[in-house]
**Student:** 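Here it is, the structure in full.
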Amino acid sequence: MRSYLRRFVYLVVDGQRPCTLDLHRIDMSRFFRSPLIGATVDARLPRPSMTFYAPSSEDRSGRLQFLLLDRNKVLATDQMGHAAIYDAGMNALRTAPTLSRPKYSPISVAVGHKLYVLDSSRRVVGAGEKEHCFEALVYERSGPDGGGYYDWRYHSLPTPPYRPGDIDAYAVVGGSDVWVSAEDEGTYSFDTVRGTWSKQGEWSLPFCGLAEYVPEYKLWFGLSSNENSNLFCAFDLAAAARRLSPPVPRNVWEDLCPPKGWLPVTSSLLHLGSAMEVGPCGKAGKGLQMVRHRSECYSLRDNNLNQWVL
């Protein structure tokens, strides 16, 4: 769906040793070479490529959080905002700048060469006081004249205008605007060029988590937010921006087919670039169809209550 193929997906789960988290690097290329079209097979996770020690094994606020920095780099942060970057391509670990404020459950989107980071959940600071902050991680030269060395740095951004709370859905619209639907607060947009927030409407985006834009079809793809649906859908957020009205699903695919007796709990959507096959169909190619490929099922231990899919 894009000109590149994202080869690896990263899965972080509780490690076998106390207070550890294991990062598994899953090679996705074999899913599209396999003759088992549409088949689901049992498989074992590859060996961890990196193990992280978490500050605490009992207090969830002490758990590490993970963000994908680019196709081969994973950003890990703790409850104090301390951070490290693991480069899976080089199998190397380096320190990263401390976040201006720690984030309990961070989410991120990339716009240009910047990674915009928000906290997606409520966070109590003092006696009943709540806060959230918004910042961008940028790889740039140091110094006011840009004459220093290159490094990752955080830039504080204007505080979101909605009350701190859960973020239900988010996306990049128009190449430079970050849209966010906050719980019971409607939908807001941040203009990354002007550095300003504005409100799109009282409505919420009709998908869960991140929706990815695909320029070939001028549509955004995400998981429907309809109760207990988790259906793969296409949306036209550009039309919603013009009309200032909530977007509606353009296409719906009932793709989730768990084994008999299984109960789906949650779903995650990952964009694999040109490997994810959605193509035209119908008269004049105005419809869309999805091609199913190989699926693998990984059985995790009962104590694997924390997972990050990057």
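Just so we're clear, the structure is a prediction, and the values are computed from it rather than from any experiment.
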**Student:** For Tyr150, which fellow cluster members are found when Ile, Leu, Val, Met, Phe, Trp and Tyr are connected by side-chain heavy-atom distances below 4.5 angstrom, either directly or through intermediates?
**Tutor:**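 So far as hydrophobic clustering goes, Tyr150 is joined with Leu67, Leu69, Leu75, Ile85, Leu99, Leu115, Val117, Leu137, Tyr139, Trp152, Tyr154.
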
**Student:** Please assess Lys218 against Asp236 for the test side chain to side chain contact (heavy atoms under 4.5 Å, CB included), listing each intermediate value before the final yes or no.
**Tutor:** CA-CA 7 Å; Lys218 296 182 173 60; Asp236 189 348; over 6 Å; no

**Student:** Does Arg94 form a salt bridge (Lys or Arg N to Asp or Glu O under 4.0 Å) with Asp87? I'd like the steps, not just the answer.
**Tutor:** CA-CA 8 Å; Arg94 57 152 298 173; Asp87 188 323; over 6 Å; no

**Student:** To the nearest 0.5 Å, how far apart are CG in Asp42 and OG in Ser299?
**Tutor:** 6.0 Å

**Student:** Going through the distances and angles, do Arg25 and Asn72 end up as a side-chain hydrogen bond (donor to acceptor under 3.5 Å, both in side chains)?
**Tutor:** CA-CA 10 Å; Arg25 192 185 194 208; Asn72 288 314; 3.1 Å; yes

**Student:** Is His113 atom NE2 crowded by more than 12 heavy atoms from other residues, nucleotides or ligands, each under 6.0 Å away?
**Tutor:** no

**Student:** If you look at every heavy atom in Thr98 and His82, which pair is closest and at what distance?
**Tutor:**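 Shortest heavy-atom contact: OG1-CD2, 3.7 Å.
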
**Student:** Answer yes or no: is there a donor N or O on one side and an acceptor on the other, between the side chain of Ser176 and the main chain of Val193, under 3.5 Å?
**Tutor:**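 No, the answer is negative, given that no donor and acceptor are paired below the 3.5 Å cut-off.
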
**Student:** About how many Å separate CZ of Phe221 and CZ of Arg250, when rounded to the nearest 0.5 Å?
**Tutor:** 9.5 Å

**Student:** Would you kindly confirm whether Val109 and Val138 end up in one hydrophobic cluster when ILVMFWY residues are joined by side chain heavy atoms under 4.5 Å apart?
**Tutor:**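 No.
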
**Student:** Please state whether the rings of Phe8 and Tyr10 are parallel, tilted or perpendicular, taking 30° and 60° as the class boundaries.
**Tutor:**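 Tilted: the ring planes of Phe8 and Tyr10 meet at 30° to 60°.
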
**Student:** Taking the side chain from Trp197 and the backbone from Tyr188, do they hold a donor-acceptor pair closer than 3.5 Å?
**Tutor:** no

**Student:** Give the cluster check for Val74 versus Tyr53: same hydrophobic cluster or not, with ILVMFWY residues linked at side-chain heavy-atom distances below 4.5 Å.
**Tutor:** no

**Student:** Given side chain to side chain contact (heavy atoms under 4.5 Å, CB included), test Phe134 with Tyr116 step by step and report yes or no.
**Tutor:** CA-CA 7 Å; Phe134 184 30; Tyr116 291 85; 3.8 Å; yes

**Student:** Looking only at heavy atoms, which two atoms of Leu205 and Ala169 are closest? And how far apart?
**Tutor:** CB-CB, 3.8 Å

**Student:** Report whether Phe207 and Val248 are members of the same hydrophobic cluster (ILVMFWY, side-chain heavy atoms less than 4.5 Å apart, transitive linking).
**Tutor:** no

**Student:** Do Thr51 and Arg17 come within less than 4.5 Å of each other through their side chains, counting heavy atoms only?
**Tutor:** yes

**Student:** Check whether the ring centres of Phe66 and Phe52 lie less than 6.0 Å apart, and answer yes or no.
**Tutor:**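 Yes: the rings meet the under 6.0 Å criterion.
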
**Student:** Measuring from Glu185:CD to Asp168:CG, what's the distance to the nearest 0.5 Å?
**Tutor:** 10.5 Å

**Student:** When you measure from the side chain of Asn251 to the backbone N and O of Ala234, does any donor-acceptor pair fall under 3.5 Å?
**Tutor:** no

**Student:** Considering non-hydrogen atoms only, spot the tightest contact between Cys208 and Ser224 and give its length.
**Tutor:** SG-O, 3.6 Å

**Student:** Given the rule in the side-chain hydrogen bond (donor to acceptor under 3.5 Å, both in side chains) test, do Gln200 and Ser189 qualify, once you have shown the distances and angles that lead to the verdict?
**Tutor:** CA-CA 7 Å; Gln200 291 294 319; Ser189 64; 3.0 Å; yes

**Student:** For the pair Asp191 and Thr196, evaluate side-chain hydrogen bond (donor to acceptor under 3.5 Å, both in side chains) and give the outcome as yes or no after the intermediate values.
**Tutor:** CA-CA 5 Å; Asp191 187 323; Thr196 57; 5.0 Å; no

**Student:** Where do Pro158 and Phe190 come nearest, in terms of heavy atoms and distance?
**Tutor:**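 Answer, listing the atom of Pro158 first, then Phe190: CD-CE1, 3.9 Å.
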
**Student:** Could you give the distance from CG (Leu64) to CG (Leu23), rounded to the nearest 0.5 Å?
**Tutor:** 11.5 Å

**Student:** Mind running ring pair (Phe, Tyr, Trp, His ring centres under 6.0 Å) on Tyr213 and Trp220 for me, showing each step along the way?
**Tutor:** CA-CA 4 Å; Tyr213 178 63; Trp220 283 255; 4.4 Å; yes

**Student:** Looking at side-chain heavy atoms only, is the closest gap between Asp14 and Thr20 below 4.5 Å?
**Tutor:**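 Counting from C-beta outward, Asp14 and Thr20 never come under 4.5 Å.
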
**Student:** Quick one: do Asp22 and Val12 satisfy side chain to side chain contact (heavy atoms under 4.5 Å, CB included)? Show the steps, please.
**Tutor:** CA-CA 6 Å; Asp22 289 339; Val12 183; over 6 Å; no

**Student:** Judged by atom type as modelled, is there a donor-acceptor pair below 3.5 Å linking the side chain of Arg153 to the main-chain atoms of Glu140?
**Tutor:** yes

**Student:** Would you compute the distance between atom CD1 of Ile26 and atom CG of Leu45 and round it to the nearest 0.5 angstrom?
**Tutor:** 5.5 Å

**Student:** Would you indicate whether the side-chain heavy atoms of Leu21 and Val13 approach each other to under 4.5 Å?
**Tutor:** no

**Student:** How many angstroms lie between atom CG of Leu223 and atom CG of Leu231, to the nearest 0.5 angstrom?
**Tutor:**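 The distance works out to 8.5 Å.
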
**Student:** Using modelled atom types and a 3.5 Å cut-off, is there a donor and acceptor pairing between side-chain atoms of Thr187 and backbone atoms of Trp203?
**Tutor:** yes

**Student:** Got a donor-acceptor contact below 3.5 angstrom from the His24 side chain to the Pro46 backbone?
**Tutor:**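 Yes; judged by distance alone, with no hydrogens or angles, the pair exists.
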
**Student:** Which heavy-atom pair separates Leu118 from Pro160 by the least distance, and what is that distance?
**Tutor:**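 Shortest heavy-atom contact: CD2-CG, 3.7 Å.
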
**Student:** Of all the heavy-atom pairs spanning Leu237 and Ala171, show the shortest one and how long it is.
**Tutor:**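 Result for this residue pair: CD1-CB, 3.9 Å.
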
**Student:** Mind running side chain to side chain contact (heavy atoms under 4.5 Å, CB included) on Leu219 and Phe235 for me, showing each step along the way?
**Tutor:** CA-CA 6 Å; Leu219 294 173; Phe235 308 90; over 6 Å; no

